[in-house]
Structures are given as structure tokens and as C-alpha cells.
Participant: 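One structure, as C-alpha cells, below. Some questions next.
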Protein chains: 2
Amino acid sequence: MTLKILLAEDDTELRETLVDALEFEGMAVRACDCAETAIAAAQQERFDIALLDLVMPGMTGIEAQTALKQIQPDMGLVLTTAFATVDTAVEAMKKGADEFLTKPFNLEALATTLRRVQAQRQTQPQFADEEADKIFAALSNPIRRQALLHLSHHAPMRFMDLCRKVGIEDHTKFNFHLRQLKQSGLLQQNVNKLYILTNKGRQMCQLLAGE
Amino acid sequence: MTLKILLAEDDTELRETLVDALEFEGMAVRACDCAETAIAAAQQERFDIALLDLVMPGMTGIEAQTALKQIQPDMGLVLTTAFATVDTAVEAMKKGADEFLTKPFNLEALATTLRRVQAQRQTQPQFADEEADKIFAALSNPIRRQALLHLSHHAPMRFMDLCRKVGIEDHTKFNFHLRQLKQSGLLQQNVNKLYILTNKGRQMCQLLAGE
DNA sequence: AGGTTCAGATAAGGCCACTTCACAGAAACC
DNA sequence: GGTTTCTGTGAAGTGGCCTTATCTGAACCT
């Protein structure tokens with residue numbers, strides 16, 4: 001599969017060098033001399049990875065990465081700069097960069113890095129299909145979501161404590177819902193029969209809580 | 001609300017200074033002289049934020065942040081070091097750090113940073129309750145998940161093209177499922193009646209695809 | 001104009017999910 | 001020991017969800 005790269009680099013000579021090197025590595029490169037042009041291209045065409053110079057006239061690479069992430073959320077983002085500071089590196093990573101490279105860099109190593117970024121973003125689907133059915137069905141119920149969120153803050157818990165915390169008077173009703181959560185793989189009981197989240201349960205709680 | 005800080009810093013004098021300063025700011029601090037001790041503490045007690053020195057004997061701060069994230073996934077992570085390089089900063093951020101600070105730093109500014117990290121991690125829940133019911137119910141069906149995933153790669157699409165792509169022969173059956181997706185707020189139609197994802201739809205596709 | 005495809009809307013039937021009820025054994029308490 | 005609480009299990013009833021069938025008007029093609 002041919003990697004589609006969106007390149008934004010204002011230095012003409014370096015830009016052409018990068019295009020040659022990456023095309024020699026079998027990638028398809030769309031080269032732009034500024035961030036604004038790259039953003040316009042992303043609105044017309046899909047790319048796998050954006051390779052953005054940090055310091056360009058007009059929009060910076062960091063500003064461009066934010067805009068590109070909105071246009072194509074699954075695009076990889078790699079920032080490059082000759083003037084790296086810890087602060088700018090941290091800022092770029094916080095704003096969603098997958099990688100931050102300081103110039104000068106070896107062109108072959110760059111291609112390897114781009115392939116690694118793409119491979120890491122093409123992870124396995126997070127759920128097997130039947131697993132997804134169960135997990136999302138479990139989460140579509142408010143009682144179950146509340147139970148999970150309480151457990152993400154106060155684990156481990158006993159059955160009746162959790163039942164009262166969620167505010168359900170009919171314990172058999174609550175037991176049915178906990179059983180669904182157990183069958184979906186989001187919840188388990190420890191050796192003392194106390195309820196705790198599974199790894200997948202913790203992960204889904206992070207989604208529910210907005211992280 | 002009192003912020004609970006887990007501090008790992010091998011330099012005795014700095015550790016005591018940090019404890020004094022953060023307690024003076026109204027925070028509750030558990031101080032450890034190494035990462036291993038901090039990890040043991042996190043297994044016994046819940047903390048809001050871990051403040052970890054990067055370079056310590058034994059486990060490094062980066063190694064410790066990975067272990068702490070597994071024990072308490074919603075704990076904030078702040079790394080500090082006097083020997084910052086762009087590479088270590090990028091590595092820490094990639095491994096989940098919320099902030100990366102270079103020494104020396106102003107102690108008042110540190111407290112402000114910790115409060116900001118905590119405030120950013122206490123974002124609003126991502127879904128209103130009824131919205132969550134609809135979204136997760138929509139996602140609990142395999143036909144609907146497939147429709148969303150196709151659209152995340154090939155938007156905009158016409159009804160019958162999408163129906164054939166998902167492999168459903170009965171178009172009225174497929175129409176029912178697209179209607180559920182529209183009602184859940186994950187899918188919409190543009191002015192030409194072509195189907196496209198909403199922002200929330202794109203976000204959930206990222207979850208489905210493992211990002 | 002007639003035929004085909006598209007893109008819906010509606011209703012009915014059957015299946016699935018949830019609630020309620022009855023019950024049970026175990027553990028804790030007095 | 002007797003009573004209360006805890007923590008489950010299974011069955012029946014009810015409402016919601018999904019599939020199927022029927023139909024429609026619009027657009028396109030010959």
C-alpha cells in the first residue's frame with residue numbers, strides 16, 4: 001500500500017529533496033510551500049500522514065496540525081524543526097502530534113519513521129465483532145453506565161453498596177444489570193466476590209468520562 | 001477539593017522543599033524517594049496527580065509513569081527533569097504524560113500547573129445521558145458499525161452505494177439502520193442527500209478502529 | 001411513455017431486552 | 001438458635017427493537 005504524504009515545507013530546496021527522497025521510497029507526496037495550502041489540499045483529498053515544518057511564514061506547523069486533525073481525524077501528524085525546544089516539542093505532542101523530529105535528519109530514517117507512524121495508527125480493531133455488540137449494548141443502559149463510573153472511582157465494591165450507590169431499590173434488577181456487565185467483559189469479581197472493572201471496563205470509563 | 005499528589009524525587013532537599021511548597025498550597029502530598037515506592041503507594045491509595053522526577057536510581061520516571069497509568073488510569077502525570085532533551089520530552093508525552101517540566105521551576109507556577117492538569121482532566125462527561133443511550137445502542141449493531149466505518153474512509157456516499165458496500169440486499173432494512181444512526185447523532189446528510197459522519201460519528205469511528 | 005432504480009415511509013409480526021416476582025442458600029448479627 | 005441481610009437464580013410478562021412486506025414519488029434511461 002502506497003503511503004500518501006502531505007508535506008508542508010517553506011524551504012524550496014529542502015522541500016524538493018524531501019519529495020525526491022520520499023517518492024524514491026515508494027510514497028506519494030503532495031508538497032506545499034505553506035500550511036494554508038496543505039490545509040486546502042486536505043479538504044480535497046485524503047492523506048495518511050502530514051509532515052509539517054514547525055516554523056513557516058503564516059500558520060505554524062502546530063496551528064496547521066490542529067486544523068488538519070479536524071479535517072481528517074485519522075491522519076498521522078509528524079512535525080519537524082531545526083529549532084527544537086522542549087517547550088515546543090511538548091506543545092506539539094499535547095496537540096496530537098505522533099512524532100517530533102529535529103533537523104537535520106537522515107532521509108532514510110525519515111521514511112522508516114513515517115512507516116512506523118502509519119503502522120502504529122493501523123492497529124488492530126479494538127473490538128472483535130461479537131465483543132463490540134456486547135460492550136455497546138451494555139453501555140446503552142444508564143444503570144450500567146452509572147455502575148461502571150462508580151467503580152472507576154471506588155473499587156473494589158460489595159454488591160449492595162454499589163446497588164445503593166447507584167440508587168436501585170430492587171436488588172434483583174440491579175443483579176441482572178451487573179450480570180450483563182460481566183458478560184460483556186467490562187466487569188469482574190475478585191476472590192472475595194467484590195466487584196472491580198476489567199481493563200476494557202476501565203478503558204470504556206475513560207471514554208464515558210471524556211478522556 | 002484537596003489535590004492528592006504522589007511525588008517521586010530522589011534528591012532529599014528538593015523533595016522536602018516540594019512537599020513544603022505544595023502543602024502550603026493546600027495539596028496533600030505523599031512523598032517517595034524512588035519510583036518503586038511511589039508505585040507501591042498507588043496500589044494502596046488513590047491520587048489525582050503523580051509528579052515524577054525523570055532521572056532516579058532504579059526505575060526512571062518514564063518507566064514509572066507507564067506502571068502508574070496501569071494501576072490508576074485516570075491519574076494525571078507530570079514529569080520533571082534538569083536534563084531535558086527533545087527526545088525524552090517526546091517520549092514521555094507519547095507514553096501518556098500530561099506535562100513535562102524542566103528544572104529549575106518556580107514553585108508557585110508548579111502548583112498552578114498541577115491545578116491546570118487536574119482541571120483539564122476533569123472535563124465534562126462526553127455524553128449527555130440520553131445521548132449516550134442512543135449512541136451506544138446504535139453502535140451495538142454490526143450493520144451500523146460497518147456503515148460508519150465505511151463512511152469514515154469514503155465520505156460522502158449515496159444511500160444505495162453504502163447499502164451495497166455493507167452488503168445488505170434489503171434496502172428498507174438498511175434504511176431502518178441508517179435512520180437509527182441519524183437519530184443517534186452519529187450520521188447526517190449533506191445538501192445533496194449524501195451521507196456523512198458527524199463529529200461525534202467520526203470520534204466513535206476512531207474508537208472502533210482502535211485509536 | 002413505459003420501465004427501472006433510487007430512497008424513502010409505514011405497519012405488522014416475531015424476537016430480544018428488561019422488569020418484576022418468587023425463591024434459595026450463605027453470611028452476619030443479636 | 002432465630003432473625004435479618006446479602007447475593008444470587010430462574011420464570012413470566014411486557015415493552016422495545018429488528019425484520020419483512022407493501023407502497024410511494026422522484027429520477028433516470030430507453
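Fair warning: this is a prediction, and the values are worked out from it, not measured in the lab. Residue numbers start from 1 in every chain, and the chains themselves are labelled A, B, ... in the order their sequence lines are given, proteins ahead of strands.
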Participant: Starting at atom CG of A:L178, determine the distance to atom C1' of D:dC6, rounded to an integer number of angstrom.
Facilitator: 14 Å
Participant: Quick check on D:dT5: is either OP1 or OP2 less than 4.0 Å from any side-chain nitrogen or oxygen of A:R158?
Facilitator: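 No, no such contact exists.
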Participant: With the side chain counted from C-beta on, respond yes when B:L22 and B:L110 share a heavy-atom pair under 4.5 Å apart, and no when they do not.
Facilitator: yes
Participant: So if I define the base as every atom that isn't primed, P, OP1 or OP2, how would nucleotides 20-30 of chain D read as a B/S/- string at a heavy-atom cutoff under 4.0 Å?
Facilitator: BBB--------
Participant: For A:N192 and D:dC6, give me the distance from atom CG to atom C1', rounded to whole Å.
Facilitator: 15 Å
Participant: Expressed as a whole number of angstroms, how long is the span from B:F174:CZ to D:dT19:P?
Facilitator: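 Atom-to-atom, B:F174 to D:dT19, this comes out as 12 Å.
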Participant: Roughly, in whole Å, what's the span from CG in A:D161 to C1' in D:dT7?
Facilitator: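 Going from A:D161 (CG) to D:dT7 (C1'), I get 12 Å.
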Participant: Keeping to residues at least two apart or across chains, list the side chain to side chain donor-acceptor pair (under 3.5 Å) pairs with something in residues 155-168 of chain A.
Facilitator: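 Every pair satisfying side chain to side chain donor-acceptor pair (under 3.5 Å) with a residue in residues 155-168 of chain A: A:R158-A:D161.
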Participant: In whole Å, I'd like the distance from the CD1 atom of B:I168 to the P atom of D:dT19.
Facilitator: 8 Å
Participant: A:H177 side chain N/O closer than 4.0 Å to the phosphate oxygens (OP1, OP2) of C:dT19?
Facilitator: yes
Participant: Tell me, which pairs form a salt bridge (charged side-chain N to carboxylate O under 4.0 Å, His left out) where one or both residues lie in residues 141-153 of chain B, sequence neighbours left out?
Facilitator: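 Counting only pairs at least two positions apart or across chains, the salt bridge (charged side-chain N to carboxylate O under 4.0 Å, His left out) contacts touching residues 141-153 of chain B are A:D129-B:R145, A:D133-B:R145.
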Participant: I want to check one thing: is the phosphate of C:dA7, taken as OP1 and OP2, less than 4.0 Å away from some side-chain N or O of B:Q189?
Facilitator: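 Checking C:dA7 against B:Q189, no side-chain N or O comes under 4.0 Å of OP1 or OP2.
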Participant: Which nucleotide wins on minimum distance to the side chain of A:F159, given the candidates C:dG8, D:dT7, C:dC6?
Facilitator: D:dT7
Participant: Please assess B:T113 against B:E99 for the test side chain to side chain contact (heavy atoms under 4.5 Å, CB included), listing each intermediate value before the final yes or no.
Facilitator: CA-CA 8 Å; B:T113 296; B:E99 192 62 75; 3.8 Å; yes
Participant: Any side-chain to backbone donor/acceptor pair from B:T198 onto B:L186? Under 3.5 Å, distance only.
Facilitator: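 Yes, B:T198 side chain to B:L186 backbone: donor-acceptor pair under 3.5 Å.
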Participant: Could you check how far CZ of B:R164 sits from C1' of C:dT5, rounded to whole Å?
Facilitator: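 The distance from CZ of B:R164 to C1' of C:dT5 comes to 8 Å, rounded to the nearest Å.
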Participant: Given B:L181, which partner from the list B:L148, B:L139, B:I143, B:N141 fulfils the side-chain contact (heavy atoms from CB on, under 4.5 Å) test?
Facilitator: B:L148
Participant: Quick one: is A:Y195 getting a side-chain N or O under 4.0 Å of the D:dC6 phosphate, OP1 or OP2?
Facilitator: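 No, because none of the side-chain N or O atoms of A:Y195 sits under 4.0 Å from OP1 or OP2 of D:dC6.
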Participant: Side-chain N or O of A:R179 versus OP1/OP2 of D:dT7: is the shortest distance under 4.0 Å?
Facilitator: no
Participant: Atom CG of A:L181 and atom C1' of D:dG8: how far apart are they, to the nearest Å?
Facilitator: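 Atom CG in A:L181 sits about 16 Å away from atom C1' in D:dG8.
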Participant: Can you classify the ring geometry of A:Y195 versus A:F159 as parallel (below 30°), tilted (30 to 60°) or perpendicular (above 60°)?
Facilitator: tilted
Participant: Would you say D:dC18 has OP1 or OP2 under 4.0 Å from some side-chain N or O of B:R144?
Facilitator: yes
Participant: D:dT9 C1' sits how many Å from A:Q180 CD, rounded?
Facilitator: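 After rounding, the reported distance stands at 14 Å.
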